[in-house]
There are 2 protein chains.
Amino acid sequence: MAERRLRADALSNRARIVQVARDLLSSTSELPMNAVAKAAGVGQGTLYRNFPTREALLAEVYRADVDQLVASAGTLLGEHDAATAFRRWLDNVADYARVKRGVLAALEPGSGHELAASHTGPIGEAIDRLLAAGREEGTIRADVTSRDVLILLGFLSRLDEASAAESAHHILDLIFHGLRTRGGERPRAEGAAETGG
Amino acid sequence: MAERRLRADALSNRARIVQVARDLLSSTSELPMNAVAKAAGVGQGTLYRNFPTREALLAEVYRADVDQLVASAGTLLGEHDAATAFRRWLDNVADYARVKRGVLAALEPGSGHELAASHTGPIGEAIDRLLAAGREEGTIRADVTSRDVLILLGFLSRLDEASAAESAHHILDLIFHGLRTRGGERPRAEGAAETGG
DNA sequence: AGCGTATGCGGACACGTGTCCACTTGACAG
DNA sequence: CTGTCAAGTGGACACGTGTCCGCATACGCT
């Protein structure tokens with residue numbers, strides 16, 4: 001599966017493309033593919049061979065951020081109960097999304113593209129971990145998949161520049177509420193004092 | 001607000017554009033704007049003046065369907081308790097969305113465009129009615145707006161051709177669950193005989 | 001070093017979108 | 001009926017995307 005080792009020039013081209021994309025994004029929030037190709041001194045073909053879609057390019061550019069997001073899932077799970085960890089993590093995603101719109105595109109492949117059918121990427125795996133913990137804890141519905149969550153999270157990419165940024169957290173509340181088991185915070189299997197709705 | 005009465009030729013142009021768009025959509029699911037202009041025998045300028053975005057054109061083409069969707073909200077509210085009506089209505093939306101992708105675009109303005117800031121269109125009003133009924137009944141969270149629902153429903157437009165069509169109902173379940181009050185089906189105030197589901 | 005070839009290059013191209021503006025024409029006054 | 005002019009027209013244009021393919025060259029082999 002590891003692609004048969006790139007030629008030396010191909011490797012440097014790829015690296016240069018990513019660097020140029022990073023630079024462009026730091027000045028404007030636009031990322032026209034042909035501008036990337038031109039600035040990187042490669043043809044459109046080269047660009048598109050390395051990164052078939054803009055999302056692929058953004059995913060590479062923001063890989064460090066995505067890794068951090070993934071790591072934070074583990075951290076939160078260590079510090080809080082599963083439900084709280086999940087909730088906080090969703091807020092993390094929203095924060096990243098607001099600051100770097102590209103991060104969204106980087107996780108978008110999880111919802112819309114064919115490659116995502118089975119492999120939802122590192123983010124999908126992070127969500128799986130959160131879901132599994134919540135399921136075990138009894139606070140998260142058992143019929144939720146990481147794919148579901150990714151699709152629901154897709155709304156973030158539609159909010160962007162509108163003043164709607166503030167509504168992100170509210171909607172995340174609704175979504176999170178939807179992921180929970182009926183009882184609310186406590187699963188009632190564990191002998192917790194249920195406050196009752 | 002009524003635009004100052006169009007010139008006769010303008011009116012017929014507009015009608016022809018809509019008709020042509022309808023025809024194009026019935027053969028392919030594509031709707032290239034310049035193809036519409038060409039087939040309608042008008043210039044790009046005319047097309048774009050009448051319908052600034054593809055969504056605007058689709059909204060016009062599918063207006064009858066949207067009206068029907070809106071009407072079904074009232075019907076359902078007459079036949080069921082608010083929660084059930086809401087749930088059924090969401091399924092209606094998903095069904096329309098699967099059959100005619102354009103309907104989605106027609107309601108999309110509610111989530112992403114500026115005009116939607118306050119006026120979410122007829123669909124928004126239908127949702128408002130469902131929300132109000134559910135709120136009164138005590139089964140729907142009081143802090144949910146039609147805008148929230150429209151944004152959440154946006155996921156439907158991302159599902160399209162993928163085999164994900166079947167997952168639409170599942171995700172609607174999650175969303176609907178998120179809109180409900182804690183107690184679940186019964187608000188314990190109204191003793192309605194809800195079959196549950 | 002010299003060679004053959006698969007690998008990668010890069011830009012022309014086909015196609016789509018949306019804007020702009022010089023020109024046309026419908027509607028109404030005289 | 002005719003003149004007037006704002007409303008309306010339509011297509012050229014600027015810009016973006018993504019594909020295709022003839023060509024260059026890096027790499028492995030001798």
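Proteins get letters first, then strands, A, B, ... in listed order; numbering begins at 1 in each.
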Filtered N/O pairs between nucleotides 26-30 of chain C and protein, under 3.5 Å:
unit_1  : atom_1 : unit_2  : atom_2 : d
dG26(C) : O4'    : Arg7(B) : NE     : 3.3
dA27(C) : OP1    : Ala8(B) : N      : 2.9

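With hydrogens and angles ignored, the 3.5 Å screen pairs a side-chain donor or acceptor of Thr181(B) with a backbone N or O of Thr139(B). When atom types are taken as modelled, the side chain of His169(A) and the backbone of Ala94(A) share no donor-acceptor pair closer than 3.5 angstrom. Side-chain atoms of Arg54(A) come within 3.5 Å of backbone atoms of Leu31(A) as a donor-acceptor pair (strictly under, hydrogens ignored). Of the possible donor and acceptor atoms, one in the side chain of Trp89(A) sits under 3.5 Å from a partner among the backbone N and O of Leu69(A).
Contact of the Asn13(B) side chain with the Leu47(B) side chain is not registered, since no non-hydrogen atoms from C-beta on lie closer than 4.5 Å. With contacts defined as side-chain heavy-atom distances shorter than 4.5 Å, the pair Arg87(B)/Asp173(B) qualifies. Between Arg98(B) and Asp95(B), the closest side-chain pair of non-hydrogen atoms falls below 4.5 Å. Between Leu76(B) and Asn92(B), some side-chain heavy-atom pair lies under the 4.5 Å cut-off. Using a 4.5 Å cut-off on side-chain heavy atoms (C-beta onward), Asn34(B) and Gln44(B) make contact.
Taking a 4.0 Å limit (strictly below) on heavy-atom distances, residues 12-29 of chain B does not reach DNA chain C anywhere. Listed by residue number, the members of residues 33-44 of chain A with any heavy atom below 4.0 angstrom from DNA chain D are Met33(A), Asn34(A), Gln44(A).
Regarding Asn50(A), its CG atom lies at a distance of 15 Å from the P atom of dT7(C), rounded to whole Å. Between Leu47(B) atom CG and dG10(D) atom P there is a gap of 11 Å when expressed in whole angstrom units. Remark: C1' of dT17(D) and CD of Glu30(A) are 14 Å apart, rounded to the nearest angstrom. Atom-to-atom, CZ of Arg54(A) to P of dG16(D) comes out at 10 Å; the value is rounded to the nearest Å. In this structure, the CG atom of Leu11(B) is 10 Å from the P atom of dT9(D), given to the nearest Å. Protein atom CZ of Phe51(B) is 15 Å distant from nucleotide atom P of dG10(D), rounded to whole Å.
For the residue pair Asp9(B) and Ser12(B), no side-chain donor N or O sits within less than 3.5 Å of a side-chain acceptor on the partner.
Using a 4.0 Å heavy-atom criterion, one finds that Arg49(A) contacts the bases of the nucleic acid, with or without backbone contacts as well.
Within the 4.0 Å cut-off from OP1 or OP2 of dG10(D), at least one side-chain nitrogen or oxygen of Thr46(B) is found.
The one candidate from Leu58(A), Thr53(A), Leu57(A) that meets the side chain to side chain contact (heavy atoms under 4.5 Å, CB included) condition with Glu55(A) is Thr53(A).
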